[in-house]
Amino acid sequence: MRVGITSTIPLEIVLAAGHTLVDLNNVFMASPSPAALVEAAERSGFPRTSCGWIKGIYGALKELRPVDAVVAVTGGDCSNTHALAETLVLDGMAIIPFSYPAERSRELLEAEMERFASAFGVTLRMAEEARRSIEPLRRKLDELDRLLAAGVLPAADYHLLALSASDLASDPASYERELDSALRAARRARPRRDGLPVALLGVPPIITDLFDLLEDASLRVVFDEIPRQFAMTWREGDIVEQYLAYTYPYGMSGRMMDIRRECALRGVKAVVHYTQSFCFRGIEDVVLRRLVGLPVLTVEGDAPAAGDERLRLRVESFAEVVAGG
Ligand code: SF4
């Protein structure tokens, strides 16, 4: 069975059950015309004033029919997922819920993961074995993250590779070959010292050329927060601890310790915070600005398209101000 996901879930459970994971965000953005999928969702009645990612996922499901069932993350992810799942049920799609507990507790998360595993007819012990089998991929993703921090791996390349960790590109073996090839190329490259080291925080940008815009303004991304979270490169004791260490479900305050530590380790001088139009996470910008202790540029995107001239100018003036300060 092909199992669609809209966000990071304990993928080892789905692998242990012998199914193929398909990250619907990646299906949406990799399609020949992501904008057409957003329009398809709007034709089905999705409001213009709703998140482009949600509309793109719905459009992809409707137009491309890439999966047999969808895992809906009903807690600790996106409030819009509830309405999306409700709509999909009416469309006849099988929905399997998963929820990150509101309280960051091992006991609660373990119980939810056990429930999720039993929905797939497997146990957490079987998922633990699947976890061990993909451990080499996580080690390679960790090395790629260190090469990004060292200025060796282009940020756009890291971003795509790490985002694909959410579903292991639907094929762990070919994904590992892709990681190997990126590692071989990066190990041969010279570290870059130019540009201002910055962190990219927030949900994955829908703006297709954001990395080019940042590069053109001499902003060099050395920390790409959310894709690194998806890659889960930390070494925790077991599968429950691995998902307990995942910060994304716990709001900006829950993410802040990881953000501050990595920014300090990588010599980050400023933060680019990507927010999505009509996303509740945009409000987290207020918390970020209060807690991060670095200059922040907030970039908002709406539809899958290149950034406009106004955005280019904002990025350039931010870079000048920070470099001059
Ligand atoms: S950008 Fe925000 S509203 Fe859109 S899918 Fe992600 S979390 Fe949900």
Side-chain angles (χ1 to χ4, degrees), residues 4-9 21-31 34-35 37-42 44-62 64 66-67 70-88 93 95 97-102 159-160 162-167 200-208 210 224-231 246-256 259 271-288 298-305 307 311:
I5 58 171
T6 61
S7 185
T8 291
I9 51 128
L21 287 148
V22 180
D23 188 326
L24 297 166
N25 297 284
N26 299 344
V27 173
F28 161 43
M29 287 305 272
S31 76
L37 300 180
V38 170
E39 284 161 21
E42 288 177 355
S44 297
F46 277 61
R48 294 189 67 81
T49 52
S50 58
C51 165
W53 283 109
I54 291 287
K55 286 187 283 192
I57 288 170
Y58 184 76
L61 283 166
K62 209 167 168 70
L64 309 176
V67 295
V70 172
V71 175
V73 179
T74 52
D77 183 46
C78 170
S79 47
N80 289 345
T81 305
H82 294 266
L84 175 67
E86 206 177 351
T87 315
L88 291 174
M93 177 62 73
I95 298 289
F98 178 77
S99 176
Y100 290 97
H159 186 77
L160 286 180
L163 278 186
S164 293
S166 60
D167 64 354
L200 178 62
L201 312 182
V203 298
I206 209 165
I207 300 170
T208 49
L210 183 61
D224 195 358
E225 182 213 359
I226 295 301
R228 179 172 168 274
Q229 285 291 316
F230 291 176
Y246 178 50
T247 63
Y248 191 60
Y250 302 105
M252 187 53 83
S253 305
R255 288 157 51 194
M256 194 46 68
I259 291 171
V271 164
V272 178
H273 185 209
Y274 177 79
T275 61
Q276 180 69 30
S277 302
F278 316 114
C279 171
F280 70 100
R281 289 185 184 274
I283 303 167
E284 291 175 342
D285 196 62
V286 180
V287 184
L288 171 70
T298 304
V299 172
E300 185 178 289
D302 180 11
L311 176 60

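Counting starts at 1 for both ligands and their atoms, following the listed order.
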Just jot down the ligand 1 atoms closer than 4.0 angstrom to any heavy atom of Ile54, in number order. 5 (S)
Any side-chain heavy atom of Leu163 sitting closer than 4.5 Å to one from Asp23? no
For Gln276, counting its heavy atoms only, list the atoms of ligand 1 lying under 4.0 Å from any of them. 1 (S)
Report yes if some heavy atom in the side chain of Met252 is under 4.5 Å from a heavy atom in the side chain of Ile259; otherwise report no. yes
Shortest protein contact, atom 2 (Fe) of ligand 1 (heavy atom only): Cys279 SG, 2.2 Å
Looking at side-chain heavy atoms only, is the closest gap between Val203 and Tyr248 below 4.5 Å? yes
For atom 6 (Fe) of ligand 1, what is the nearest protein heavy atom, given as residue, atom name and distance? Val203 CG1, 4.2 Å
Atom 2 (Fe) of ligand 1 and Cys78: any N/O/S contact shorter than 2.8 Å? no
To the nearest 0.5 angstrom, please state how far the CE atom of Met93 sits from the CG atom of Leu61. 5.0 Å
Measuring centre to centre across the rings, with the benzene-like ring taken for any Trp, is Tyr100 within less than 6.0 Å of Phe98? yes
Which atoms of ligand 1 are found less than 4.0 Å from any heavy atom of Arg281? 7 (S)
Nearest protein heavy atom with distance in Å, relative to atom 3 (S) of ligand 1: Asn80 ND2, 3.4 Å
Could you check atom 4 (Fe) of ligand 1 against the protein and tell me its nearest heavy-atom contact, residue, atom and distance included? Cys51 SG, 2.2 Å
Find out whether Met29 and Thr208 are in side-chain contact, i.e. whether some heavy atom of one side chain is under 4.5 Å from a heavy atom of the other. yes
